[in-house]
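For ligands, and for the atoms within them, numbers begin at 1 and follow the listed sequence. As a basis for the values below, the full set of heavy atoms in this structure was taken, side chains included, without hydrogen atoms, waters or symmetry mates. Each residue takes its place number in the sequence, starting with 1.
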Amino acid sequence: MVLMMKSGAARIPWWLEEFKRQAPDLKVRVWPDVGDKKDVEFAFVWAPDPGDMATYPNLKAIFSMGAGVDHLFKDPDLPNLPITRVVDINMTRRMTEFIVLQVLRHHRQQPAYDALQRESKWQELKQPAADQRTVGMLGMGALGSDAAKKLSGLGFNVVGWSRTKKKVPKVKSYAGAKQFNKFLSLSEILVCLLPLTKETENLLDKDAFAMLPKGASFVNAGRGEQVVDADLIAALDSGHMSHATLDVFRKEPLPADHPYWSNPKVTVMPHVASYTDPRTVVSQVLENMRRARAGEPLLNTVDIKLGY
Ligand code: NAP
Ligand code: GLV
């Protein structure tokens, strides 16, 4: 049984070490040194080159190395095979840490205090309480629903938006295009944890930002392509929005000349909101390989029609 792996170079040793620990007999080949492509039965990949997945004649399944699968659907020749993604407690915890950290930072006006410090100004800003603040969660899946619950536990009003209605205690659910504007009109701190699909690409444009309450802020840990960058910059520059913390971008790494870097109302993070943890994810990959060979349904499969 051969697993082909394509990852960021820095992470390869961590993955190899964990596969060796959990499955010492498994043959793992690291792209591009894949050997005879006929041997490869499974691919565990992040952003494979378009066309590459179709060149393994005996591939049984493709495992995304992340929670998102948009990097796979960018391939027009993606073979028609089961695709799984990462749903994992460590992925969720790390994302919730990031979202809670950033929401609190926006709620407690940390960017404004940072700016005051740069001017040596000792000044108190009027501070609403958590129950006077509404956080809007775009995407109420594995990641969004956990962050929404934890934020609600901190006392925020939390509203969620998803494709289908959700029942999460104390989180009011809005669903579908018809309820999008109502949801936005409530969201003083808007958080995006949506997958990138045809429906969510460019979703956050000038019309969406205009629906937010004046002074709203934005945290994006979904995907960069969901945001029309020029529209976000215009909403920040006009004063309609107060701050944006962006972890994901259309082009990564964010080019050095991108206007986000120098905009004082933008915090740039290098796609680190969460992280696929080899300790727990290797066992999921091994379980799915076992299932595929036994003809059992795989865990955490993606709906190919929906694209997530
Ligand atoms: P998930 O469990 O599949 O949840 C996706 C959520 O988005 C669901 O609630 C879904 O609605 C909703 N949704 C999808 N399409 C929609 C549409 N057209 N309109 C309204 N709602 C829609 O995904 P997840 O595990 O939470 O991950 C979400 C995304 O986070 C990933 O795809 C990835 O892009 C991003 N991510 C980023 C990082 C990072 O480090 N920055 C790390 C991990 C993940 P339903 O529930 O009704 O289906
Ligand atoms: C990271 O962005 C992921 O999708 O896991």
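Residue contact check: Leu194 has heavy atoms under 4.0 Å from atoms 7 (O), 12 (C), 13 (N), 21 (N), 22 (C), 29 (C), 34 (O) of ligand 1. Short contacts between ligand 1 and Gly139, defined as distances under 4.0 Å to a heavy atom of the residue, involve ligand atoms 6 (C), 7 (O), 9 (O).
Considering both main-chain and side-chain atoms, Tyr275 never comes within under 3.5 Å of ligand 1 through any nitrogen or oxygen pair. Among the atoms of Thr197, none of the N or O lies under 3.5 angstrom from an N or O of ligand 1. Among the atoms of Trp46, none of the N or O lies under 3.5 angstrom from an N or O of ligand 2. Residue Ala67 places at least one N or O, backbone or side chain, under 3.5 Å from an N or O of ligand 2.
The closest approach between Leu196 and ligand 1 stays at or above 4.0 Å for every heavy atom of the residue. Distances shorter than 4.0 angstrom do not occur between any heavy atom of Lys165 and any atom of ligand 1. In this structure, Gly66 has no heavy atom closer than 4.0 Å to ligand 1. Heavy atoms of Arg94 come nearer than 4.0 angstrom to ligand 1 in no pair at all. Val248 counts as a contact of ligand 1, since one of its heavy atoms falls under 4.0 Å from the ligand.
With no hydrogens or angles considered, no side-chain donor-acceptor pair links Gln226 and Glu201 at under 3.5 Å.
Neither the backbone nor the side chain of Met65 has any atom closer than 4.0 Å to an atom of ligand 2 (non-hydrogen atoms only).
The closest side-chain heavy-atom distance from Phe98 to Gln102 is below 4.5 Å. By the 4.5 Å heavy-atom criterion applied to side chains, Thr245 and His106 are counted as neighbours.
Aromatic rings of Phe42 and Phe63 (six-membered ring for Trp) have centroids within the 6.0 Å cut-off, being under it. A ring-centre distance under 6.0 Å is found for Phe156 and His107.
Closest heavy-atom approach to atom 4 (O) of ligand 2 within the set Arg223, Met91, Arg85, His71: this belongs to Arg223. For atom 8 (C) of ligand 1, the choice among Ser145, Ser274, Gly141 with the nearest heavy atom turns out to be Gly141. Distances from atom 7 (O) of ligand 1 to the heavy atoms of Ser162, Pro195, Ala221 put Pro195 nearest.
Placement of Phe73 and Met65 in two distinct hydrophobic clusters is found when ILVMFWY residues are connected by side-chain heavy-atom separations under 4.5 Å, directly or transitively.
Cation-pi contact between Lys178 and Phe180: absent, since separation from the ring centre below 6.0 Å together with deviation from the ring axis within 45° is not met.
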